[in-house]
2 protein chains.
Amino acid sequence: MGGTTSASSWAEHAGDRLAAAGYRRGGARRTVIELLSEQECALSAHEIEDALRSSGRQVGRASIYRILEKLAELDLVTKLDLGTGIARYEIADPAGRDHHHHLLCDDCGDLVPFSDPELERVIGRVSGRLPYPVRGHEVTLHGSCDSCSHA
Amino acid sequence: MGGTTSASSWAEHAGDRLAAAGYRRGGARRTVIELLSEQECALSAHEIEDALRSSGRQVGRASIYRILEKLAELDLVTKLDLGTGIARYEIADPAGRDHHHHLLCDDCGDLVPFSDPELERVIGRVSGRLPYPVRGHEVTLHGSCDSCSHA
DNA sequence: ATCAGTGCAAAACATTTGCAGCATG
DNA sequence: CATGCTGCAAATGTTTTGCACTGAT
């Protein structure tokens, strides 16, 4: 699956998109975008804050939320609420290359990404039958990971 | 789709299940179960509180949360967090008769239920390929309802 | 130099928990 | 009549907002 190449191009794309929409891209905003572009799967606001602090690029909590909100508004990131009460965010790939869904361990919160072309096809077909246009979708599978089910 | 019949049988089933698990079914608990059994789609804790107050059967907020938690624990209701930061709850049909998913209007929170047998089939197939057993799933489609998109 | 962006602290929000009294089985 | 259930109020944890200051363009 697309690694560093598509990730860093996402960071560029995000910066360009912000500039095109009349926003600035410096400071904390660039920092958060860079962190997100390095991730393979969704992160919570708190995890983002901790990761940035660890890497020496501390950003205020409120700024993180504001930045994520703006990125979600521009469809550059996807906000996920998988039933844990904590929102997670991950980069949205406009070309759909890295489009995927999640298997969540209900006990420990562990997240496993997966993708399936037929699933996408069926969702597309179903979407066409609904009363108003569908802009996006999420599929969340629930289970207990090996560590938790062996406990 | 199963209307009053399966709904009222769910209320009975829920009561029996509680009793079998050693819990009592009177008072607030019965009230919440009755309200849930009358719904066609998911309700938030706040909506449940308001609905009960309107119908003259007021139940404390904490009790509502505790009851919903217990019902979810017994797999009698499903807890949904569709990305709004507010959890919603709906009855879980053990036979799968009323199994459905949701189209959510991201602007006003309007919820439209839908179901599709092929979607279920594909999800079942995908589930078999994942690293640990899948106990359940949710599909959420996002869009803007007619009222919101015309605004 | 200007105005958006940022950080801090306090507010708002849904949800959870502690405890005293009440009602179910 | 004993134990679990309920309601209230306070606590918790996440997310949002107000305001003064900083920094990108």
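In what follows, every chain begins at residue 1, and chains take the letters A, B, ... in the order their sequences are listed. Just so it is clear, the structure is predicted and the values come from calculations on it, not from any experiment.
Under the salt bridge (charged side-chain N to carboxylate O under 4.0 Å, His left out) criterion, Arg61(A) pairs with Glu49(A), sequence neighbours left out. Taking His46(B) as the reference, Asp50(B) meet the side chain to side chain donor-acceptor pair (under 3.5 Å) condition, with sequence neighbours excluded. Residues that satisfy the salt bridge (charged side-chain N to carboxylate O under 4.0 Å, His left out) test with Asp16(A), not counting sequence neighbours, are Arg25(A). Under the side chain to side chain contact (heavy atoms under 4.5 Å, CB included) criterion, His99(A) pairs with His101(A), Glu120(A), His137(A), not counting sequence neighbours. Glu47(B) meets the salt bridge (charged side-chain N to carboxylate O under 4.0 Å, His left out) test with no other residue; sequence neighbours excluded. With sequence neighbours excluded, no residue satisfies side chain to side chain donor-acceptor pair (under 3.5 Å) with Arg24(B).
For the pair Leu68(B) CG and dA14(C) P, the interatomic distance rounds to 15 Å; values are reported in whole Å. When rounded to the nearest whole Å, the span between CD1 of Ile33(B) and P of dC5(D) equals 12 Å.
Residues in residues 127-136 of chain B take part in these salt bridge (Lys or Arg N to Asp or Glu O under 4.0 Å) pairs, two or more places apart or across chains: Asp106(A)-Arg135(B), Asp116(A)-Arg129(B).
Along DNA chain C, the nucleotide closest to Lys70(A) and the one closest to Ile86(B) are compared, and the more 5′ of them pairs with Lys70(A).
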Which pairs would a plain distance check flag for residues 69-85 of chain B, meaning a side-chain donor or acceptor within less than 3.5 Å of a matching protein atom at least two apart in sequence or in another chain?
| from | atom 1 | to | atom 2 | distance (Å) |
| --- | --- | --- | --- | --- |
| Thr84(B) | OG1 | Ile86(B) | N | 3.3 |
| Thr84(B) | OG1 | Ile86(B) | O | 3.3 |

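The hydrophobic cluster around Leu130(A) extends to Leu103(A), Val112(A), Phe114(A), Leu119(A), Val122(A), Ile123(A), Val126(A), Tyr132(A), Val134(A), Val139(A), Leu141(A), Leu103(B), Val112(B), Phe114(B), Leu119(B), Val122(B), Ile123(B), Val126(B), Leu130(B), Tyr132(B), Val134(B), Val139(B), Leu141(B), counting ILVMFWY residues whose side-chain heavy atoms fall within less than 4.5 Å of a member.
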Response to the item:
Readout for nucleotides 16-25 of chain C: B = base within 4.0 Å of protein heavy atom, S = sugar-phosphate only, - = neither; 5' to 3' it is BBB----BBS

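When the local axes at the two ends of the helix from dA1(C)-dT25(D) to dG25(C)-dC1(D) are compared, using 5 base pairs at each end, they differ in direction by 40° after rounding to 10°.
Non-hydrogen atoms lying under 4.0 Å from DNA chain C are contributed by Gln58(A), Val59(A), all within residues 45-59 of chain A.
Across all strands, Ala87(A) comes closer than 4.0 Å only to sugar-phosphate atoms, never to a base (heavy-atom distances).
Environment of CZ in Arg57(B): sparse, with no more than 12 heavy atoms of neighbouring residues, nucleotides or ligands closer than 6.0 Å.
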